[in-house]
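Have a look at the structure below, then the notes.
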Amino acid sequence: MSEPCFTLDGEDVPFVPGDTLLQAARRAGHYIPHLCWHPDFRAHGSCRICTVRVNGRMAAACAVQASEGLAVENHTEELDAQRKTLLQMLFIEGNHFCPSCEKSGNCLLQATAYQMGMEGPHFEEFYPDRPVDASHPDILLDFNRCILCELCVRASHEIDGKNVFAIAGHGIGTHLVVNSDSGQLGDTDMALTDRAAGICPVGVILPKRRGFVIPIGERRYDQDSVAEPGRQEAS
Amino acid sequence: MTTTLTPYPAHGPRKLKVATVSLAGCFGCHMSFLDIDERLLELIEHIEFDRSPLTDIKTVGHCDLGLIEGGLCNAENVQVLREFRAHCKTLVAVGACAINGGLPAQRNHLDLGRLLTDVYPQGVPNDPELPLLLNHVHPIHEVVHVDYFLPGCPPSADAFWSFLTDLMAGRTPHLGHGLIHYD
């Protein structure tokens with residue numbers, strides 16, 4: 001008996017029961033752009049970069065269960081244009097100065113924007129005021145780059161069992177917070193070896209004293225595009 | 001400031017006129033442009049420079065293409081940008097500073113007056129020749145329409161070459177993987 005399949009841009013994609021569209025597509029070597037999804041964590045569905053058209057209706061590929069016969073459109077001019085707009089909004093809502101970011105070249109946001117052909121921000125910059133937190137001896141937090149994917153929140157809660165991070169506020173005031181009386185990372189029990197310390201897809205959570213260990217030009221997405229298998233997620 | 005325009009000269013089989021300028025930038029984009037090296041000889045067969053640090057011409061004439069490096073940090077930057085927009089059929093934001101403010105924009109969450117008094121503790125210079133600083137640094141697309149963006153800090157020489165050869169051939173420039181970089 002053949003495996004059940006759905007189609008992705010006209011190609012058959014096999015799946016196993018319980019798979020989401022994104023899980024099955026990724027296993028089959030296809031690239032559905034995403035930021036807040038990671039194979040080690042449950043789907044979050046917040047970034048909406050993975051939005052696809054399923055039987056004519058828009059849906060988040062990370063959250064929709066695969067089922068036999070679904071017709072999924074992924075790389076269409078319309079969907080990729082909408083993804084580019086979402087990326088442009090993420091860039092202007094934070095302070096994403098790539099040339100001065102240690103994560104540049106290893107950044108999933110940046111690499112996804114390259115893949116979607118984002119050449120400029122299009123919108124007016126917000127330039128929010130988001131002070132950094134350098135209180136931890138081994139880890140720097142630069143909130144300027146946060147895209148609210150909650151991967152650090154999930155990693156800290158589900159793997160590290162520490163609940164170091166949370167998302168607070170509403171609307172445009174939504175922001176990442178640290179769970180300590182002072183609000184400073186240095187007053188938590190976070191360690192550099194925690195899963196949360198390495199999961200950030202952008203340059204918010206950075207290890208100290210490791211700047212430019214890998215030279216610019218030799219970094220992850222300098223070598224391969226984000227669409228390559230094994231390059232689609234934050235480390 | 002309003003700029004009065006005369007009609008563009010009719011197109012003919014002539015070289016494209018190109019103007020370049022650095023606003024609140026470091027000239028790194030211009031240096032990277034020059035890094036196209038011997039390809040400059042081929043380029044100069046197809047273009048001629050108007051206002052540019054490369055020619056030292058001080059005013060911009062009617063041009064086909066304007067390449068703008070740097071963002072807007074003072075009133076003179078805004079005036080020059082508007083003159084470029086009025087005189088260039090196609091305007092290109094070149095590099096991180098022109099596109100999102102870049103390094104100069106990292107002062108935007110600081111108080112400008114405090115910055116000046118910190119940097120000039122003996123007294124802030126106050127000469128009429130010094131252009132008035134803007135409270136915030138802005139990318140150029142927030143003031144004028146920009147036709148194309150050439151990202152990078154700086155864009156690589158190959159990115160410049162690919163971009164310009166596409167434009168000269170009448171194609172929409174497309175920077176694929178390896179040429180599109182924000183750093």
A:A111 versus chain B, heavy atoms under 4.5 Å apart: side chain, backbone, both or neither?
neither
Check each atom of A:N144 against the heavy atoms of chain B and say whether the ones under 4.5 Å are side chain, backbone, both or neither.
neither
Please report whether the ring centroid of A:H96 lies less than 6.0 Å from that of B:Y182.
no
Other residues, nucleotides, ligands: >12 heavy atoms within 6.0 Å of A:F123 CZ:
yes
The interface call for B:H181 against chain A, heavy-atom contacts under 4.5 Å, is both
Atom CD of A:E77: over 12 foreign heavy atoms under 6.0 Å
no
A:N95 versus chain B, the contacting section by heavy-atom distance below 4.5 Å
neither
Flag if over 12 foreign heavy atoms under 6.0 Å of CE, B:M31:
no
For A:Q223, is it the side chain, the backbone, both or neither that has a heavy atom under 4.5 Å from a heavy atom of chain B?
backbone
Okay, A:Y221 and chain B: the region with an atom under 4.5 Å from a heavy atom over there is backbone
Go through the atoms of B:A96 and report whether side chain, backbone, both or neither lie under 4.5 Å from a heavy atom of chain A.
side chain
Heavy-atom nearest pair, A:E119 first then B:L175, reads OE2-N, 4.0 Å
Side-chain touch A:P121/B:I99, heavy atoms, less than 4.5 angstrom:
yes
Donor-acceptor under 3.5 Å (B:H109 side chain, A:P131 main chain):
no
Are more than 12 heavy atoms from other residues, nucleotides or ligands located less than 6.0 Å from atom CG of A:D181?
no
With a 3.5 Å distance limit and no angle check, can you tell me whether B:E142 reaches the backbone of A:E125 through a side-chain donor-acceptor pair?
yes
Segment of B:N100 engaging chain A (4.5 angstrom heavy-atom cut-off):
both
Just wondering, more than 12 heavy atoms not from B:D118 lying within 6.0 Å of its CG?
yes
Engaged part of B:A98 at the chain A interface, taking heavy atoms whose separation is under 4.5 Å:
neither
Tell me if the NE2 atom of B:H174 is crowded by more than 12 foreign heavy atoms within 6.0 Å.
no
Answer yes or no: does atom CZ of B:R114 have more than 12 heavy-atom neighbours from other residues, nucleotides or ligands under 6.0 Å?
no
If I measure from the heavy atoms of chain B, does A:S100 come under 4.5 Å with its side chain, its backbone, both, or neither?
side chain
Please check if atom CD in A:E124 has more than 12 non-hydrogen atoms from other residues, nucleotides or ligands closer than 6.0 Å.
no
If you compare all heavy atoms of A:Y127 against all heavy atoms of B:V137, which two are closest, and at what distance to 0.1 Å?
CE1-O, 3.4 Å
